[in-house]
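These notes concern the structure reproduced below.
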Amino acid sequence: MSLPSNLNPDEASPPWLNKGDNSWQLTAATLVGLQSVPGLVILYGSIVKKKWAVNSAFMALYAFAAVLVCWVGWGYRMSFGDKFIHFLGMPNVSLDAQYLIEQAFLGYLPNATMIYFQFVFAAITLILVAGALLGRMNFLAWMLFVPLWLTFSYTITAYSIWCPEGWLSKKGIIDYSGGYVIHLSSGVAGFTAAYWVGPRTTKDKERFPPNNILLMLAGAGLLWMGWTGFNGGDPYTVSTDASLAVLNTHVCTATSLLTWLMLDIIFFGKPSVIGATQGMITGLVCITPAAGVVQGWAAILMGMMSGSIPWYTMMVLHKKIGLLKQVDDTMAVFHTHAVAGSLGGILTGLFAVPKLNRLFYLVDNWQHYIGFFYGLHTGHTTAGFKQLGIQLLGIVFVVLLNIFTTSVICLLIRLIIPLRLAEDELQTGDDAIHGEEAYALWGDGEKYESKLNSIYEEFPPPSKGGSQAGQARVVMESETASSADEQQLSGSAADTRGKHRILAELKRVEQESKFLEEEMEELERTDNVSTLSEELLLIMETIPDPLLPLTNGPINPSWDRWFEGPQDAKGCRCQIL
């Protein structure tokens with residue numbers, strides 16, 4: 001029987017190539033790439049304080065580009081190439097055309113497709129590490145950290161767990177799509193790097209509001225939908241198992257988000273958008289090592305646990321354990337990725353279905369790939385215990401490896417360049433680091449600092465009831481009128497440019513005037529509050545002893561959740577209440 005002409009093999013489509021699989025693999029890889037660029041670029045740029053928006057987004061964008069160059073240069077072969085040592089492949093380039101069009105080590109795909117698919121996973125891992133370091137890491141140090149960590153940490157984990165020749169792969173560890181290689185690695189590495197880099201400024205730690213929650217949700221949405229390719233592409237074929245993985249991914253994620261949301265409402269009284277986003281992320285992370293090898297009901301249970309256990313570690317244990325309080329993990333990567341990734345790996349060892357594992361790994365071996373509960377149910381108890389033990393062994397290996405390699409890398413970089421930004425750069429943010437800011441609110445973003453400063457220098461500081469902003473506006477309006485008269489005498493082209501510049505300048509000064517007025521109102525309110533507070537404290541001194549404990553009264557849950565300042569200072573909570 002002859003095939004349709006478009007399915008007949010030829011030089012460009014050899015007999016081993018499956019066009020459907022290749023098409024889906026390229027699509028899945030692109031979906032994962034969109035999770036990083038623009039997904040995490042948008043998420044990082046919007047979830048941080050305004051002065052860190054450019055720096056945070058650019059750390060993600062840089063990592064994506066740098067990883068690709070390193071990946072085709074040596075990273076891919078170290079992760080999936082010929083064996084070099086027990087846990088690492090032979091370094092080699094992946095740029096020769098003949099090599100790129102040959103069949104990959106798994107699936108009916110060319111090497112070029114496999115390299116691209118594995119690259120986007122490596123890239124997002126480094127971007128997740130960056131989440132723990134936002135708001136204070138020296139960008140030049142980050143530029144060195146990315147290639148070093150990819151080379152000496154990620155490649156070792158990927159080869160050991162995902163490469164068929166890796167030692168954990170041979171033992172039968174189940175990591176469907178990166179719960180260990182990506183999420184546990186990035187969570188531990190990010191936390192370790194945050195320890196060596198040091199914390200943000202005290203002011204930023206105490207108050208770090210998102211600059212745009214709607215954009216944050218847009219980035220989170222790209223991250224969620226992109227996970228269709230993240231988990232759906234790992235069978236390397238368009239199979240029933242890939243479909244199951246996609247559905248389980250979304251079911252677990254939705255359940256986790258709702259669980260986290262309910263806990264926020266119960267304990268903090270309000271449905272938090274940021275909290276729901278964290279719950280979404282923990283659900284995605286938890287299902288990743290198990291996506292195509294567990295039942296749908298197991299995905300629901302995993303979602304409930306991923307929405308509650310990381311919530312507990314973040315909201316409760318984080319405030320009780322000294323090391324967790326000491327390390328400033330900006331995006332809580334330790335909780336959302338290390339804790340959730342470890343949880344997913346353990347639950348995979350409990351819920352993994354032998355039949356689904358055979359569909360994914362294409363093996364028929366009862367000694368591997370059987371969840372503990374199914375081992376008990378089918379009489380293969382020893383095999384179930386062994387699988388759970390292998391899953392725990394993988395967690396220990398990834399944690400120890402990343403603590404060691406990340407620490408060594410940070411210490412080496414510190415010998416060359418500071419890991420943390422200088423204090424003046426920490427106070428200023430984007431403008432000091434990149435010479436750019438995220439938002440231009442007037443004109444085309446040009447700065448008229450010298451003109452503006454000269455205006456304000458003409459006036460002494462106003463009295464308490466005065467309005468410096470109003471004086472500045474009067475002078476600006478007179479200067480604008482005279483400037484407009486002068487521009488009318490010039491040519492038409494110069495006239496147009498002058499008008500635009502005047503309008504832009506006027507708009508800027510109006511904005512500054514509004515800001516100054518708001519500042520003055522805030523200062524007046526602060527003075528009033530300070531006066532009332534002093535009066536309140538004087539009154540409290542006369543209150544009998546039974547009421548004195550109110551000075552250290554009950555914690556406001558919502559306030560205590562987001563503020564990490566001196567909560568135990570005597571009288572602090574009373575003033576807030």
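Residue indices begin at 1 and follow the sequence shown.
By the 4.5 Å heavy-atom criterion applied to side chains, Thr288 and Asn231 are counted as neighbours.
Put simply, CH2 on Trp16 and OH on Tyr108 are 12.0 Å apart, with the number rounded to the nearest 0.5 Å.
Note: Trp297 and Phe351 meet the aromatic proximity criterion, with ring centroids under 6.0 Å apart. The distance between the ring centers of Trp260 and His335 does not fall below 6.0 angstrom. Ring to ring, Tyr159 and Phe80 are not that close: their centroids are 6.0 angstrom or more apart. Here Phe230 and Phe121 bring their ring centres to under 6.0 angstrom of each other. Between Trp311 and Phe267, the gap from one ring centroid to the other is short of 6.0 Å. Aromatic ring centres of Phe119 and Phe64 lie closer together than 6.0 Å.
Neither side chain, Ser79 nor Trp162, offers a donor N or O lying under 3.5 Å from an acceptor on the other. One side chain, Trp196 or Ser407, offers a donor N or O that lies under 3.5 Å from an acceptor on the other.
Looking at every heavy atom in both residues, Tyr369 comes nearest to Asn357 through O-ND2, 3.2 Å. Heavy-atom minimum distance, Thr237 versus Ala242: O-CB, 3.9 Å.
Around atom CZ of Phe404, no more than 12 heavy atoms belonging to other residues, nucleotides or ligands sit under 6.0 Å away.
Taking the six-membered ring where tryptophan is involved, the planes of Tyr154 and Trp149 are tilted, since the angle between them lies from 30° to 60°.
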